[in-house]
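Comments concern the structure below.
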Amino acid sequence: MQDETSLIEKCDIKSLLPNELESRLSDMGQPAYRSKQVFKWLSSGICSFDEMLNIPKSLRSELDKYFFLTSPSVVRKQVSKIDGTIKYLWGLNDGNCIESVVMKYAHGNTICVSSQVGCAMGCAFCASTIGGKIRNLLPSEILDQVIFSQIDSGYNISNIVLMGIGEPLDNFDNVIKFLRLVNCKDGLNIGMRHISLSTCGLAEKVDKLAELNLQLTLSVSLHAPDDDTRTKIMPVNKAYNVDKVLDSCRRYFLKTGRRISFEYAMIKDVNDTPYHARLLSQKLSGSGSHVNLISLNEVKESQLHPSTPDTVRRFIEILRNHNINVTIRRKLGPDIDASCGQLRRNEIGAFCDSNI
Ligand code: SAH
């Protein structure tokens with residue numbers, strides 16, 4: 001005979017906002033203060049309802065009947081001896097793996113979180129997209145990366161960048177829910193101005209994000225100023241070309257007043273010529289935007305290589321001569337280098353090898 005509880009479809013409790021939790025618990029006959037207590041427990045890294053010590057045992061077992069708790073496990077952890085950067089490979093409840101990176105900066109410790117298992121965007125230089133997208137992460141699974149990294153590392157995390165595995169705007173609703181959860185004062189209480197979101201430029205979703213008027217920083221992965229080059233390295237350019245992306249960025253700035261930062265990975269003989277630098281300057285001229293040059297991390301499955309230091313210097317000089325604000329992304333954790341998504345790739349590789 002089937003157990004009665006196995007017929008109940010359990011709900012993901014950590015993905016509920018305070019008002020949603022309060023309404024669920026009120027349906028169970030619980031007062032508002034209980035829901036506040038439960039909500040606080042959810043950001044504390046508990047792995048079972050029985051750890052909620054100030055909640056009556058009867059309610060704990062009722063919660064267990066109707067809700068489930070996500071709790072990732074550390075599958076692999078790499079710590080840089082040079083700067084303390086930590087890379088985590090997390091195992092999710094369904095056996096999938098994702099990555100997060102915790103970095104130490106003078107302005108506060110920052111975590112880079114994943115938003116999907118894999119990625120559907122197909123960028124030629126990125127390890128996360130090899131093998132495609134497996135599934136979206138739940139709001140709770142994005143939140144867990146912050147909660148459990150903080151506990152495991154002992155670092156107090158004050159800043160978040162959504163720049164790990166996945167395209168955040170391709171998981172729009174769950175990512176927005178995550179942003180609202182992490183922002184809750186009874187939760188992790190991380191302010192929107194301490195959060196950056198990076199997108200390959202899904203123009204309609206950039207417009208949808210602008211409507212929400214959140215005070216986060218939007219970074220757009222441009223990587224080329226012309227459609228020929230961009231389409232070669234970013235297939236998403238066929239749907240949202242350079243001008244469509246830049247138009248949505250202009251609308252975003254008008255609506256939110258927040259300047260956009262453009263990411264540009266310097267790829268040898270692909271997007272790093274003086275022609276590209278001049279065209280980029282022209283396209284961004286007068287926008288007040290900022291270009292963040294990234295040194296390409298070599299991905300073993302791709303034939304692309306980083307630009308030489310001389311080429312990078314010449315590129316920067318052209319941008320600066322055109323009054324474009326440009327910075328170079330500091331490379332953290334050089335001794336534990338594994339490009340975006342590479343740790344997960346290695347794990348899948350190891351898993352496959354052991355199954356041959
Ligand atoms: N999907 C989102 C966020 C994830 S990737 C986006 O496209 O923005 C975060 C940043 O790392 C993006 O700018 C991405 O283009 C860049 N990136 C990915 N692989 C890289 C590599 N091998 N070397 C340098 N930058 C890379």
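Start at 1 and go down the list; that is how both ligands and their atoms are numbered. Numbers here simply count residues along the sequence, with the first being 1.
Within the 4.0 Å heavy-atom shell around ligand 1 one does not find Ser302.
Contacts between Val299 and ligand 1, counted as non-hydrogen atom pairs separated by less than 4.0 Å, involve the side chain only. Proximity of Glu167 to ligand 1, defined as any heavy-atom pair under 4.0 Å, is shared by backbone and side chain alike. When heavy-atom distances to ligand 1 are checked against a 4.0 Å cut-off, His223 comes that close only through its side chain, counted from C-beta outward.
With a 4.5 Å cut-off on side-chain heavy atoms, Ile160 and Ile190 count as touching. Using a 4.5 Å heavy-atom threshold, the side chains of Asp272 and Ile267 count as separate. In this structure, Arg135 and Leu92 have side chains that are in contact, with non-hydrogen atoms separated by less than 4.5 Å.
Using a 3.5 Å distance cut-off with no hydrogens or angles, the side chains of Asn241 and Asp243 do not pair a donor with an acceptor.
Between the side chain of Glu51 and the main chain of Ser48, a donor-acceptor pair closer than 3.5 Å is present.
For the pair Lys10 and Tyr66, the NZ or CZ position fails the cation-pi test of under 6.0 Å to the six-membered ring centre and within 45 degrees of the ring normal.
Using a cutoff of 4.0 Å between basic side-chain nitrogens and carboxylate oxygens, Lys104 and Asp83 are not scored as salt-bridged.
Ligand 1 places these atoms under 4.0 Å from at least one heavy atom of Glu263: 10 (C), 12 (C), 13 (O). Taking every non-hydrogen atom of Thr199 and a distance limit under 4.0 Å, the qualifying atoms of ligand 1 come out as 6 (C), 7 (O), 8 (O).
Nearest residue to atom 23 (N) of ligand 1 from Leu169, Asn297, Thr129, Val236 is Asn297 (criterion: closest heavy atom). Of the candidates Ala120, Ser198, Gly166, the one placing a heavy atom closest to atom 1 (N) of ligand 1 is Gly166. Considering only non-hydrogen atoms, atom 7 (O) of ligand 1 lies nearest to Ser221 out of Ser295, Ser221, Cys126. Across the listed options Cys200, Ala265, Gly164, Ala124, Gly164 owns the non-hydrogen atom lying nearest to atom 4 (C) of ligand 1.
Aromatic rings from Tyr264 and Phe315 are positioned such that their centres are separated by under 6.0 Å.
Residue Phe125 has at least one N or O atom closer than 3.5 Å to an N or O atom of ligand 1.
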